[in-house]
Amino acid sequence: KRTFKDVLHDDFDEAKVQKIASELFMYYHSPRPYIVLDDSLAALQQLRSEGRHRIGAISNFDNRLHDIVPYLGLRPYFDFVITSEDAKSSKPEEAIFQFAVAKSGLENLDGSEILHVGDDMDKDYFGARNLGWNALLVDRHGGGYTMVDEEHIVENLTEIFSK
């Protein structure tokens with residue numbers, strides 16, 4: 001609300017803002033604004049078919065994600081889904097990553113046995129690397145990241161199998 005008040009000043013209408021906020025909250029709680037990219041689904045299918053991986057999602061989104069993942073038909077591919085609301089922490093903080101390890105049931109893993117794939121250099125890539133995890137950075141548009149080794153960058157999620 002504060003942002004709306006700052007922008008709208010005297011035109012701020014509490015009832016209208018509340019209605020808009022409620023509509024936006026519900027819209028982003030539905031599957032409508034999201035798409036599942038073909039390479040993402042292919043990567044998840046391959047990982048699941050190999051049967052030797054625990055697959056989790058670690059997100060700075062709120063707990064609506066627990067509904068969105070099944071709405072999109074992705075629940076069968078994940079062993080666990082962690083939100084920052086669940087972990088009371090957010091990437092790149094160590095606590096959310098440790099929460100995910102505990103949720104995986106594989107607390108005895110060494111960080112070098114974990115792969116985190118994400119699209120935010122600081123929150124995903126460096127957040128995981130700072131814990132000693134393997135990490136890949138998704139750069140779908142080939143924008144280039146000079147601070148990340150090229151071998152740690154993928155444009156397509158199916159590339160994780162060749163890294």
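One-based numbering along the sequence shown.
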Could you check if a side-chain atom of Phe80 sits within less than 4.5 angstrom of a side-chain atom of Ile55, using non-hydrogen atoms only? no

Side chains of Asp62 and Thr83 in contact at under 4.5 Å (non-hydrogen atoms): no

Closest non-hydrogen contact found for Phe61 with Tyr28 is CZ-O, 4.0 Å

Nearest atoms (heavy-atom pairs only) where Glu151 meets Leu136: O-CD2, 4.0 Å

Report yes if some heavy atom in the side chain of Ile96 is under 4.5 Å from a heavy atom in the side chain of Ser84; otherwise report no. yes

Hydrophobic clustering (ILVMFWY, side-chain heavy atoms < 4.5 Å, transitive) - are Leu65 and Val138 grouped together? yes

Check the pair Asp120 / Lys91 against salt bridge (Lys or Arg N to Asp or Glu O under 4.0 Å), numbers first and verdict last. CA-CA 10 Å; Asp120 186 287; Lys91 297 178 292 182; over 6 Å; no

Judged by atom type as modelled, is there a donor-acceptor pair below 3.5 Å linking the side chain of Ser30 to the main-chain atoms of Tyr27? yes

Report yes if the side chains of Val101 and Leu106 come closer than 4.5 Å at any heavy-atom pair, otherwise no. no

Under the side-chain contact (heavy atoms from CB on, under 4.5 Å) rule, what do Leu115 and Trp133 come out as? Steps first, then yes or no, please. CA-CA 6 Å; Leu115 173 63; Trp133 291 16; over 6 Å; no

Can you get from Leu24 to Met26 by hopping between Ile, Leu, Val, Met, Phe, Trp and Tyr side chains that sit under 4.5 Å apart? no

When rounded to the nearest 0.5 Å, the distance separating CD of Gln46 from NE2 of His53 is 8.0 Å

Separation between CD1 of Ile82 and OG of Ser89, rounded to the nearest 0.5 Å: 11.0 Å

For the side chain of Glu50 and the backbone of Leu47, is there at least one donor-acceptor N/O pair under 3.5 Å apart? no

Kindly compute the distance separating OH (Tyr77) from CG (Leu41), expressed to the nearest 0.5 Å. 5.0 Å

Is any NZ, NE, NH1 or NH2 atom of the basic residue among Arg48 and Asp79 found under 4.0 Å from an Asp or Glu carboxylate oxygen of the other? yes

Just how far is it from atom OG of Ser90 to atom NZ of Lys123, taken to the nearest 0.5 Å? 7.0 Å

Rounding to 0.5 Å, atoms CZ (Arg140) and OG (Ser40) come to a distance of 4.5 Å

Heavy-atom closest pair, residues Ile58 and Ala100: CD1-CB, 3.5 Å

Are Asp119 and Asp124 close enough that some pair of their side-chain heavy atoms sits under 4.5 Å apart? yes

Test the Arg54-Phe78 pair against the cation-pi criterion, namely NZ or CZ under 6.0 angstrom from the six-membered ring centroid and within 45° of the ring axis. no

Pairwise side-chain contact, His116 with Arg129, heavy-atom cut-off 4.5 Å (strictly under): no

Measure the shortest side-chain to side-chain distance between Arg64 and Val69 over non-hydrogen atoms and say whether it is less than 4.5 angstrom. no

Looking only at side chains, do His152 and Asn134 share a donor and an acceptor under 3.5 Å apart? no

Relative to the ring of His29, is the ring of Tyr71 parallel (under 30°), tilted (30 to 60°) or perpendicular (over 60°)? tilted

Measure the shortest side-chain to side-chain distance between Val154 and Asp139 over non-hydrogen atoms and say whether it is less than 4.5 angstrom. no

Nearest-0.5 Å distance, CD of residue Glu159 to CZ of residue Phe161: 11.5 Å

For the hydrophobic clusters of this structure (ILVMFWY residues joined by side-chain heavy atoms under 4.5 Å, transitively), does one cluster hold both Leu72 and Ile35? no

